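Notes for the one structure printed next.
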Amino acid sequence: MTKILFPVVGVVLVLIGLVWTLQGANVIGGSFMTGSRLWLVIGVVCVIAGVALVARAISARRTPRG
């Protein structure tokens with residue numbers, strides 16, 4: 001179950017984080033988050049956390065268990 005869960009949650013975090021980052025950077029408009037530095041930071045943190053989860057899932061698949 002965790003073989004699927006970590007990468008899926010990681011990819012979702014990256015995608016949501018990218019949207020929040022772009023809204024916070026005033027690239028995507030139409031929201032209360034547009035142009036807000038808080039959402040820029042929250043988005044970057046989500047992207048980093050998502051990448052870490054995906055990297056952890058990939059490295060767990062590559063390491064042999066003995």
Side-chain angles (χ1 to χ4, degrees):
M1 174 92 168
T2 58
K3 289 182 181 181
I4 297 172
L5 186 64
F6 282 151
V8 169
V9 171
V11 168
V12 169
L13 269 174
V14 168
L15 292 176
I16 291 172
L18 282 174
V19 170
W20 289 347
T21 300
L22 293 174
Q23 285 181 327
N26 207 14
V27 174
I28 299 175
S31 171
F32 68 94
M33 296 182 271
T34 302
S36 173
R37 185 172 289 168
L38 174 66
W39 288 103
L40 176 69
V41 172
I42 290 172
V44 169
V45 169
C46 284
V47 168
I48 292 169
V51 169
L53 279 176
V54 171
R56 179 178 174 185
I58 290 171
S59 69
R61 288 185 182 184
R62 290 187 180 182
T63 56
R65 296 186 182 207

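Positions are given from 1 along the sequence. Just so we're clear, the structure is a prediction, and the values are computed from it rather than from any experiment. The basis for the numbers below is simple: all heavy atoms, side chains too, and nothing from hydrogens, waters or symmetry mates.
- Under the 4.5 Å side-chain heavy-atom criterion for grouping Ile, Leu, Val, Met, Phe, Trp and Tyr, V27 is not connected to F32 through any hydrophobic cluster.
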Throw together a table of side-chain donor-acceptor distances under 3.5 angstrom for residues 42-59, partners on residues two or more places apart or in other chains.
from	atom 1	to	atom 2	distance (Å)
S59	OG	A55	O	3.3
S59	OG	R56	O	3.0

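- Here the OG1 atom belonging to T21 is positioned 10.5 Å from the CE atom belonging to M33, to the nearest 0.5 angstrom.
- Of the listed residues (L40, L18, I28), just one forms a side chain to side chain contact (heavy atoms under 4.5 Å, CB included) with Q23, and that residue is I28.
- Nearest heavy-atom pair across P7 and I4 is CD-O, 3.3 Å.
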